[in-house]
Amino acid sequence: MKNRKTFRRTAVLALCVAFALSAASCGEGLITTNSAKDMEQVVGSVDISNYDEFQEGGVYAEYADAVSSVNSTILKRDLVAYFLNSGYTYINSYGYSYEETFNLLMDNLVSRKIMVQYAMAYYFERSADAEDEYAGVFTVSDYTQYVEEETEKLDASLRSHYEKHPELLTLQYFITDGGRDYSDYDRAIYTLKSMINNTLDSTELTYIEEEDSSSSSGDTRTTPANVGTETEDYYPVDADGKLDYDVYTGRNTLDSCGTYEAQEGSKQSTRRRAYNDFLSNLSMNNLLVDGEDTSDLENIDYYYVELASQLEQALINKYSDDLNEEANAELTKEYVEGKYASILASQKNSYDDDQSAFETAIGSVSDTSFVLYSPKEGFGFVYNILLPFSTTQSQILSTYTNDTGLRKTEFYEKRAALLENIRAKDLRTPWFSADEDSNYAFEATADDAYYKNAFTLSNEAAGNKTYLFFEDNLKKSEGDNAQYESLGQYYGQYPYNGRAEFDEENEEWKFYPEKLSVDAFMDEMENYLAYAGLTAVGATKSDYMQEFYNAAENEFDYSKFIYYEGKVSGADGAALGGTSHDEYFVKGTEAYTAVSVINELMFAYSSDTGCLNTYMGYTVSPYKTDYVAEFEYAAQYAIRQGVGTYVVCPSDYGWHVIYVSFAYDAAGEVYGGFNWDERETEGTFSYLFYESLKSDSSSSSSYASMVQNQILGKYNNDTCVKLYKNRYKDLLSLDA
């Protein structure tokens with residue numbers, strides 16, 4: 001058996017529409033005249049074994065009976081359930097009519113059945129090839145035996161549901177590689193149950209007393225990308241490797257639901273009311289069967305309708321992943337090296353002739369879009385931490401700006417006096433909230449690693465708490481089954497710089513931030529870099545604001561506006577500029593650590609939100625830019641000094657702390673070429689370039705989409721698909 005890799009899907013195929021359960025608790029009865037018996041009507045059937053390839057002598061003939069035996073009918077209840085989950089989105093968000101929506105959903109249901117049936121034949125066929133990685137994994141005899149044995153294992157209550165939905169064990173067989181690996185199956189169950197919990201959460205909120213709006217700071221603050229985002233392949237497991245998650249209905253206990261976390265303020269009574277609303281909505285739409293025991297969700301037939309849908313999707317995803325792998329097998333060393341050489345040659349020809357094309361290109365650099373050639377040194381990227389004027393200071397500065405009798409030199413001198421009084425403070429107070437579900441702050445403990453400055457030490461000595469942020473991402477994003485995405489280029493050990501207290505009586509946070517002059521901020525920045533294992537040495541410029549105007553030439557010398565200059569180097573004093581461009585995004589390298597520290601401080605202090613969550617910061621050209629003059633000069637100067645350089649300059653916005661994150665420090669090839677041996681070393685250029693080719697429109701995702709569209713084009717016809725529109729014409733006529 002091969003070690004299957006999980007592929008990140010970069011495109012959502014139209015046929016892969018999963019149940020979202022977003023409207024299942026809307027409380028609206030869609031079906032008011034139909035009986036439960038009517039809901040059992042077959043409104044469509046799909047059987048691709050009717051196609052020539054499955055007939056005697058056809059390539060799939062020996063699999064025809066297995067493919068056609070189950071998973072071939074679409075019941076009216078399936079269509080109604082699908083509508084409750086996804087249909088309202090098309091009507092309310094996209095302006096579809098009921099008729100258009102039901103026709104679209106029906107087409108999706110048909111497409112799913114076709115893809116599932118074809119996937120069965122696909123795996124049977126691959127298994128018959130002795131040279132294939134799936135050799136011997138899927139056979140008709142093993143499939144039949146597996147279904148029989150799994151049926152025998154079911155208790156009486158479950159067996160009745162599985163007899164009604166025989167496709168469940170078929171899907172289970174293929175998803176688990178014939179019972180060999182249940183990870184994809186458990187992941188599908190987790191996805192379904194988490195979506196149901198999300199639906200119940202949404203309803204339960206209406207029964208939980210609303211928190212006072214003053215419970216947070218009242219402001220907003222951009223958070224790093226991926227905060228609270230679960231990894232695509234996560235599912236929680238217990239010590240025995242079993243799925244550790246269940247739906248909380250209020251009729252069961254919270255501690256019986258594994259890792260599910262209830263909302264703040266949730267009680268068994270409020271959860272039970274939400275679950276009752278959920279059941280009521282199913283009942284109004286005839287999706288509950290008479291006599292069902294609703295005390296447990298898994299006693300209800302509707303759960304198995306949804307489970308079948310989720311498992312269908314899981315099998316389609318598995319098939320798509322294997323198509324991706326087929327496409328990626330074409331990415332040979334020779335092909336990728338040739339692709340790199342081709343792009344490099346093309347960029348060289350283009351950028352040597354037109355440097356503006358290069359400037360445009362570096363403005364859209366990302367981990368999937370690369371600039372491989374630089375026509376000139378002096379270009380690069382900088383982070384900008386803006387320590388702003390206060391509102392009062394800005395108003396005073398505005399009076400200077402509008403004073404027509406004030407010479408420019410006098411304006412700069414008055415501005416310099418204002419700049420001395422700027423006091424930066426930690427701007428992350430909006431990340432605190434009395435609502436636990438939206439609170440990003442957590443109390444640091446003795447087990448947590450975090451930076452301690454003089455204020456933090458005195459604060460803790462006084463018995464006050466220290467707060468860090470994003471516990472889920474920083475603590476639950478480790479190991480092979482990480483729950484949350486990591487926060488790229490975010491060091492994560494800089495606590496709130498001030499005192500934060502929660503007022504229990506008024507249920508609100510109160511903040512007493514530490515206020516930093518620009519000199520104090522630079523000390524703070526350099527000390528935090530040192531805490532991260534780096535060396536940061538800087539000093540104020542002795543010629544700051546000295547003879548900054550040349551009267552004879554009537555021009556300003558912006559070098560005299562640089563207030564502070566320093567350099568970050570490794571722990572051993574080695575220059576960060578010595579770090580290869582190929583390793584810019586490799587976690588653990590000193591250049592990456594430095595960027596992560598500066599990026600975190602930017603989130604904490606900068607009032608320039610335009611630089612937050614950018615790829616490498618602001619693009620800087622050695623030519624004329626749109627930046628204010630002081631910033632333009634300082635950034636261009638810093639770029640010339642190389643990666644790790646930081647300078648401080650003023651503008652009418654406040655102090656700019658500029659850090660060089662990446663520099664095109666020489667003309668010619670930017671990277672050291674594509675290295676096949678580093679294609680699986682995460683963060684390297686070769687890894688990123690290789691991964692970008694996987695998701696390129698000409699490779700895996702496009703190939704998978706093309707193949708699936710061909711399959712649908714072949715089998716979605718009158719030979720394989722029958723629709724019985726009169727049996728659901730009442731749904732098509734709901735517009736009337």
Side-chain angles (χ1 to χ4, degrees), residues 197-198 200-224 227-228 248 250 254 260-274 387-388 390-394 423-448 450-476 492-516 600 603-607 609 612:
N197 270 329
N198 289 341
L200 296 177
D201 287 347
S202 178
T203 305
E204 187 183 14
L205 278 175
T206 63
Y207 297 118
I208 296 175
E209 183 178 359
E210 292 288 336
E211 297 291 340
D212 192 319
S213 61
S214 64
S215 62
S216 66
S217 68
D219 298 321
T220 59
R221 181 70 176 167
T222 302
T223 58
V227 165
Y248 180 42
L254 180 60
Y260 166 74
E261 297 180 3
Q263 302 174 103
E264 184 183 13
S266 174
K267 301 174 184 176
Q268 201 158 5
S269 58
T270 57
R271 192 62 170 192
R272 194 177 294 123
R273 292 175 71 182
L387 310 180
S390 68
T391 301
T392 300
Q393 290 169 339
S394 293
R423 294 295 179 265
K425 64 180 181 179
D426 198 319
L427 301 176
R428 296 174 295 177
T429 55
W431 294 354
F432 291 82
S433 174
D435 180 358
E436 289 185 4
D437 292 329
S438 57
N439 183 35
Y440 296 121
F442 68 97
E443 183 182 350
T445 68
D447 295 329
D448 293 315
Y450 60 92
Y451 167 73
K452 296 182 180 182
N453 59 14
F455 179 84
T456 305
L457 292 171
S458 63
N459 193 35
E460 291 179 343
N464 297 311
K465 297 175 180 178
T466 297
Y467 291 95
L468 296 167
F469 302 93
F470 313 126
E471 182 175 20
D472 286 345
N473 290 83
L474 296 176
K475 291 189 175 183
K476 299 181 183 179
Q493 295 180 27
Y494 189 77
Y496 174 70
N497 193 12
R499 192 170 85 251
E501 296 178 350
F502 186 65
D503 183 341
E504 296 283 355
E505 182 178 351
N506 296 308
E507 296 186 329
E508 65 180 6
W509 285 95
K510 293 183 178 179
F511 304 101
Y512 307 90
E514 182 75 344
K515 297 180 180 180
L516 306 176
E600 183 180 8
F603 275 98
Y605 289 99
S606 180
S607 64
T609 59
L612 302 179

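Note: hydrogens, waters and symmetry copies are ignored here, and every other heavy atom, side chains too, is used.
- With sequence neighbours excluded, the residues that form a side chain to side chain contact (heavy atoms under 4.5 Å, CB included) with Thr222 are Phe603, Leu612, Asn613.
- Every side chain to side chain contact (heavy atoms under 4.5 Å, CB included) that Thr445 has, sequence neighbours left out, goes to Asp447, Asp448.
- Looking at residues two or more places apart in sequence or on another chain, you find a side chain to side chain contact (heavy atoms under 4.5 Å, CB included) between Lys452 and Tyr450, Thr456, Leu457, Glu460.
- Annotation: the span from Phe470 atom CZ to Lys475 atom NZ amounts to 14.5 Å, rounded to 0.5 Å.
- Remark: Phe442 CZ to Thr466 OG1 distance equals 11.0 Å, nearest 0.5 Å.
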(request) Start with the C-alpha distance between Phe502 and Phe432, add both sets of side-chain angles, then the distance that settles ring pair (Phe, Tyr, Trp, His ring centres under 6.0 Å), and finish with yes or no. (result) CA-CA 10 Å; Phe502 186 65; Phe432 291 82; over 10 Å; no
(request) Report the C-alpha separation of Tyr440 and Phe469 in whole Å, then their side-chain angles, then the decisive distance to 0.1 Å, and conclude whether the ring pair (Phe, Tyr, Trp, His ring centres under 6.0 Å) test is met. (result) CA-CA 5 Å; Tyr440 296 121; Phe469 302 93; 8.5 Å; no
(request) Using the side chain to side chain contact (heavy atoms under 4.5 Å, CB included) rule, take Thr270 and Lys267 through it: C-alpha gap first, then chi angles, then the decisive distance, then the call. (result) CA-CA 5 Å; Thr270 57; Lys267 301 174 184 176; 4.0 Å; yes
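- Trp509 and Tyr467 have perpendicular rings, their planes meeting at more than 60° on a 0 to 90° scale where under 30° would count as parallel.
- Evaluation of the side chain to side chain contact (heavy atoms under 4.5 Å, CB included) rule for Arg272 yields Arg251, Gln268, Asn276 as partners, not counting sequence neighbours.
- Under a 4.0 Å N-O distance rule, the pair Lys510/Glu501 does not qualify as a salt bridge.
- Considering every non-hydrogen atom in both Arg428 and Pro495, the closest pair reads NH2-O, 2.9 Å.
- Under the rule for a side-chain hydrogen bond (donor to acceptor under 3.5 Å, both in side chains), Tyr496 has no partner lying at least two apart in sequence or in another chain.
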(request) Applying side chain to side chain contact (heavy atoms under 4.5 Å, CB included), run through Arg221 and Thr429 and close with a yes or a no. (result) CA-CA 8 Å; Arg221 181 70 176 167; Thr429 55; over 6 Å; no
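- Separating the OH atom in Tyr605 from the CG atom in Leu387 is a distance of 9.0 Å, to the nearest 0.5 Å.
- Residues forming a salt bridge (Lys or Arg N to Asp or Glu O under 4.0 Å) with Glu514 (at least two apart in sequence, or on another chain): none.
- Using a 4.0 Å cut-off between charged nitrogen and carboxylate oxygen, Arg271 and Asp201 count as a salt-bridge pair.
- Across Leu200 and Ala274, no two heavy atoms sit closer than the pair O-CB, 3.7 Å.
- Annotation: the span from Lys465 atom NZ to Asn459 atom CG amounts to 12.0 Å, rounded to 0.5 Å.
- To the nearest 0.5 Å, atoms OH (Tyr451) and CD (Gln493) are separated by 12.5 Å.
- Side-chain atoms of Ser266 and Glu204 include a donor-acceptor pair closer than 3.5 Å.
- Side-chain contact between Leu516 and Arg423 is absent, with no heavy-atom pair separated by less than 4.5 Å.
- Using a distance-only test at 3.5 Å, with no hydrogens or angles considered, a donor-acceptor pair links the side chain of Asn197 to the main chain of Tyr248.
- Counting only distance, with no hydrogens or angles, the side chain of Asp426 and the backbone of Asn497 share a donor-acceptor pair below 3.5 Å.
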